[in-house]
Undergrad: 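What follows is a single structure, and I will ask about it in a moment.
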Amino acid sequence: MIGLAVSLLVGGGRRAAVRLALIVGGVAMGIVFLLGALAIGPARDRADARVTERHSPAGALPSDSRPALLWAAFQTTPTSVDGRDLEVLEVGATGPGAPAPLGAERVPAPGEVFVSPALDRLLRSDAGRVYRLRFPGRVDGTLGRAVLHDPDELVAMVGMPSAALDGATRITSWAAAGRAEADQNGGNTFNRRLVYLLVAVAVLVPIAVFVAASTRLGAAAREQRFAAMRLVGATPRQVAGGAAAEAAAAGLAGGVLGLVLALGLRTRAADVSIAGYSTFPADLSPPVWQVAAVLAATPGLAAAAALVSMRRIAVTPLGVRRRGSAGRPSAWRLIPLGLSWAELAVAVQLGDTLTEDGKLAALGVGFAGAILGIVVAGPWLVGALAGAVARVARRPGTLIAGRRLQAAPTTAFRAIGGAVLGVFAATAVLVYLPSHDHWSNGEAHVPSSVAAPVADAYVQVFRDGAPYARVHALARRLARLPGVEDVAAAADTRQGRALFAGCAEASRVLRVRVHCPARGVLADRSLGRRAGEPLTLRGARTSVGGILPTSAVSIVVPRGAVPAPPHPSVFLLATDGSLAAAQRVRAAVTASGLYGDVETAADEARFVPAPDPLRRQAELVLALMLSIAGCSLVVMMVEGVLERRRELAILAAAGTRPGSLRSAAALEILVPLGVASVASCVVGVLVTATLLRVRGIGLVIPWQALAELLAASALVGAAVLAIGLPVLGRAIGAENLRTE
Amino acid sequence: MLHVTGIRKRFGQTIALDGASLDVSPGEVVAVVGPSGSGKSTLLHCAAGILRPDGGEVAFDGRRIDALGEGDRSRLRRTSFGFVFQFGQLVPELTAAENIALPMMLGGARRRAALAEARRWLALLDRREVAGKRPGDLSGGEGQRVAVARALVHRPRLVFADEPTGSLDSLSGEHVMDILVRLAGDDGAGVVIVTHDPRVAAYAQRDVTVRDGRVVTPVAA
Ligand SMILES: Nc1ncnc2c1ncn2[C@@H]1O[C@H](COP(=O)(O)OP(=O)(O)OP(=O)(O)O)[C@@H](O)[C@H]1O
Ligand SMILES: [Mg+2]
């Protein structure tokens, strides 16, 4: 039997070899995705667990008097470098023998800074050199994976004298830390893994189609060989066994190749951001039993699939007969789509009488039903449309394409099924996201730019028990920094932020001309007070002397109008506007040992909003599904042409313009792809609109994004034609007229 | 009408034609016979402008067609020639009527008119009932009759047939030859038939025997 399988494998000539290569490649691709999906979940869990441990490690017991590491992760301090988030960890040791911090070999001495590799690269780059000002200490260490979420994270570990770390966590051993957090997000983790697995399965569908399409390559010649073997005495069992062994061998080869590819890709994990961000290769290791199960199941599944497909044909010594002809798909196939729609409509009607869980269940059923509905209804749609095209076709190319599609709509739709599902899922995400954003923005009445331009920089400190002297020292320090021109004190009051400054100073800090009134304070228009109205500020009675020409602060208090607070908590700065000055301000706040919030116009201008990860992942999945569908279409187009090459060559010999043949071949690809893409886009919009209705969110249709989506699927069609049409050109040569 | 003189054609090392000649007048039926591999099909392909000979001349209506470009030869084949092959010439997804209508649609005829004409031809063949059937559902003889109709429907001046009865039993073969010769004759079209079968050759007014790439019988009847 093995010998038979081998002879089947090698005996088929070039097309059989191509076919085998495509099957192995398709299986390998599927294995890569499956392993990737299995790896992403644990990888994200590991990364998240490290962040959890970094932010809140378990401290030592008060009774534990061994030398300790002092660990302060100001996780709530929003700070940024080059428009990206930066996390600063402050550490110190209470004595020799303290444990080393996570990700470092030793405790940085006061004045030393250890940086993550990405931050190191930034600081070494020409554009990033200015950020060195943020770390006045020596940068002489690199942080490792144990303290980082991902390789691109920007983290700095700053060594501090232990005296400056009053509130820090004392750690005498890392062994016990972080364990308690692990299973707290168990449910969350499970959901996330489920989503990844579902996505992987969704991607596997088009891959399976691709493999199935590849098995059709040279199928006629192969079946002829089966018949010939029956003729020389092989039993039906032997032929089926040979086919199954062949498939199992291809499955095994594909599995091994997939594993090799996955391992190769893993080493590039830092560059291929599969989880929406870069990943440490070491994080991407799914449980071994899962990998083993996937690899073991592949040959078995391949053999089973081969046996099932053998049941559809009857191999006799005299030839091969197809069992039963596929009936034309009927309009009944629209029913599942209609049902899921009806279900969603009912959910809309019921609206708020449903519980949250009820809504979720209704939506889940409706959404899954819609996907199933598209898959079931697709062949009918393609067949119906092809029939209509064939009925009205004026040109022979259109007529041939229409009739061919009408004859085998299921096959045609199968090839594009992946593209269709991808378009549907991407449409749903593309419509949902802007609608949801619009709704949540409208709800909160937050203007789109939250940060009103505040001076050149502002610093807010939260003393949190530290001595007032530190705040005053910081103020003096800020005033002396190169690039800083003015520092004005402010305080947050019940009336809003109040700037205590003379008018000349206020004009410089706020970058507007402020005219001081004879008496009273200047109030921002949004306060709703008219000039002359009385006002109570910090317990003192005063009045509105004039209106402020800016809303950067609520009130400007000229000297003497109301006593300034003895210990201000907010400073407004005028600087030369440079990025360097902004970095010096931030460094000074970090060095002050106070928990502070800094915003600078220079940094703000560089801020790049991170792309929505959901949107990015949806785009990624779509791109994947479209390209796999493209591969299937290429294989099907090439096989369709090769299978009919005599017929096509005769048409060409009889004088048919090559253009007519090309347009027939092109339409066979473009009609189903176009129709199905548009249809699934429309269904996607409708289903998402219903989903939004149930949640009470208004629909925002992102026309441009949807147009780009359809353009992407058109591009796939064009790419398929670019590969497939040259094959057609070769197939209509006169040598194909010869009988074989 | 068709003058083929001294054409040569080789495929790699194989010399398929080595100075073959052939003349066909309007309304004349010529059979090309000879052993397998002697170059009959190649001669037909060259005469019909499907292949370009390496040497020699092919003239149709006094026009050198071996010198024409692919596009012009294609148009000539579409408008002036008809073809019947042994098998595999009908588009399997099209109905019999649509298959017959195809050459007219390729020539720019309206779909409706082309289909009406196709049905008229099926009536001539006495096979009106197969109009809506697909080639897979036709018997071999019916399929070849439809193929003959397709070759003649656009009223070609010359019909080329390569083993048109090769896969038929003798009775069906005679039916097919009957209609081919009769209907071509009605239109005054010339016919070139490549065949192994002496009964088919008997329908011709004259025989041409090809051996080792040369025509060995004198051209005159
Ligand atoms: N496209 C081609 N490539 C290579 N060799 C060819 C090609 N076409 C024909 N030949 C060779 O040219 C010779 C003549 O072939 P041709 O098909 O004309 O013979 P034939 O007389 O039609 O034979 P048969 O009666 O078997 O159909 C043969 O040796 C054949 O192998
Ligand atoms: Mg031949």
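Each chain gets a letter, A, B and so on, in the order the sequences are listed, and its residues count up from 1.
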Undergrad: Is it the side chain or the backbone of R78(B) that comes within 4.5 Å of chain A heavy atoms, both, or neither?
TA: both

Undergrad: Might you point out which heavy atoms bring R333(A) and V376(A) nearest each other, and give the distance in Å?
TA: NH1-O, 2.9 Å

Undergrad: When you look at L661(A) and L651(A), which way does the side chain to side chain contact (heavy atoms under 4.5 Å, CB included) test go after all the steps?
TA: CA-CA 8 Å; L661(A) 297 178; L651(A) 283 175; 3.9 Å; yes

Undergrad: Please find the pair of heavy atoms, one from T195(B) and one from E163(B), that lie closest to each other, and give the distance.
TA: CA-OE1, 3.8 Å

Undergrad: Which heavy-atom pair separates A20(B) from G213(B) by the least distance, and what is that distance?
TA: CB-O, 3.7 Å

Undergrad: Do the ring planes of F83(B) and F81(B) sit parallel (below 30°), tilted (30 to 60°) or perpendicular (above 60°)?
TA: perpendicular

Undergrad: Tell me the closest heavy-atom pair linking Q86(B) and G166(B), and the distance in Å.
TA: NE2-C, 3.7 Å

Undergrad: Hey, mind stepping through V4(B) and S21(B) against side chain to side chain contact (heavy atoms under 4.5 Å, CB included) and telling me if it holds?
TA: CA-CA 5 Å; V4(B) 178; S21(B) 302; 5.6 Å; no

Undergrad: Output the residues of residues 39-77 of chain B for which the shortest heavy-atom distance to chain A is under 4.5 Å, in residue-number order; output 'none' if no such residue exists.
TA: H45(B), I50(B), L51(B), S74(B), R77(B)

Undergrad: Are there residues of residues 389-406 of chain A whose heavy atoms fall under 4.5 Å of chain B's heavy atoms? If so, which?
TA: A390(A), R391(A), V392(A), A393(A), R394(A), R395(A), P396(A), L399(A), I400(A), R403(A), R404(A)

Undergrad: Step by step, would you call I193(B) with V32(B) a side chain to side chain contact (heavy atoms under 4.5 Å, CB included)?
TA: CA-CA 6 Å; I193(B) 307 172; V32(B) 179; over 6 Å; no

Undergrad: Is there a donor-acceptor pair under 3.5 Å between the side chain of T14(B) and the backbone N or O of A16(B)?
TA: no

Undergrad: Verify, without hydrogens or angle tests, whether D18(B) (side chain) and R214(B) (backbone) share a donor-acceptor contact under 3.5 angstrom.
TA: no

Undergrad: Counting neighbours of CZ on R134(B) that are heavy atoms of other residues, nucleotides or ligands and sit closer than 6.0 Å, is the number greater than 12?
TA: yes

Undergrad: Between V420(A) and F413(A), is there a side-chain heavy-atom distance shorter than 4.5 Å?
TA: yes

Undergrad: What part of R112(B) lies closer than 4.5 angstrom to a heavy atom of chain A: side chain, backbone, both or neither?
TA: neither

Undergrad: Could you measure the distance from the CZ atom of R10(B) to the CG atom of L17(B)? Nearest 0.5 Å is fine.
TA: 12.0 Å

Undergrad: What distance separates R157(B) CZ from S80(B) OG, expressed to the nearest 0.5 Å?
TA: 6.5 Å

Undergrad: Heavy atoms under 4.5 Å from chain B: which residues of residues 721-732 of chain A carry them?
TA: none

Undergrad: Under a 4.5 Å heavy-atom cutoff, which of D162(B), T95(B), L94(B) has the most pairs with chain A?
TA: L94(B)

Undergrad: Could you please state which residues from residues 113-122 of chain B sit under 4.5 angstrom from chain A, measuring non-hydrogen atom to non-hydrogen atom, sorted by number, or 'none'?
TA: none

Undergrad: Got a second to check how far L183(B)'s CG is from R145(B)'s CZ, nearest 0.5 Å?
TA: 11.5 Å

Undergrad: Flag the one option from A653(A), P658(A), S660(A) with the top tally of heavy-atom pairs under 4.5 Å to chain B.
TA: A653(A)

Undergrad: Give a yes or no on whether the backbone of P164(B) and the side-chain of Q144(B) come within a donor-acceptor separation of less than 3.5 Å.
TA: yes

Undergrad: Taking all non-hydrogen atoms of both residues into account, name the closest pair between L106(B) and R657(A) and its distance.
TA: O-NH1, 3.7 Å

Undergrad: Can you tell me if E142(B) uses its side chain to pair, donor with acceptor, with the backbone of S139(B) under 3.5 Å?
TA: yes

Undergrad: Heavy-atom cut-off 4.5 Å, strictly under: side chain, backbone, both or neither for T656(A) against chain B?
TA: both

Undergrad: Using a cut-off of 6.0 Å, state whether more than 12 heavy atoms not belonging to D212(B) lie near its atom CG.
TA: no

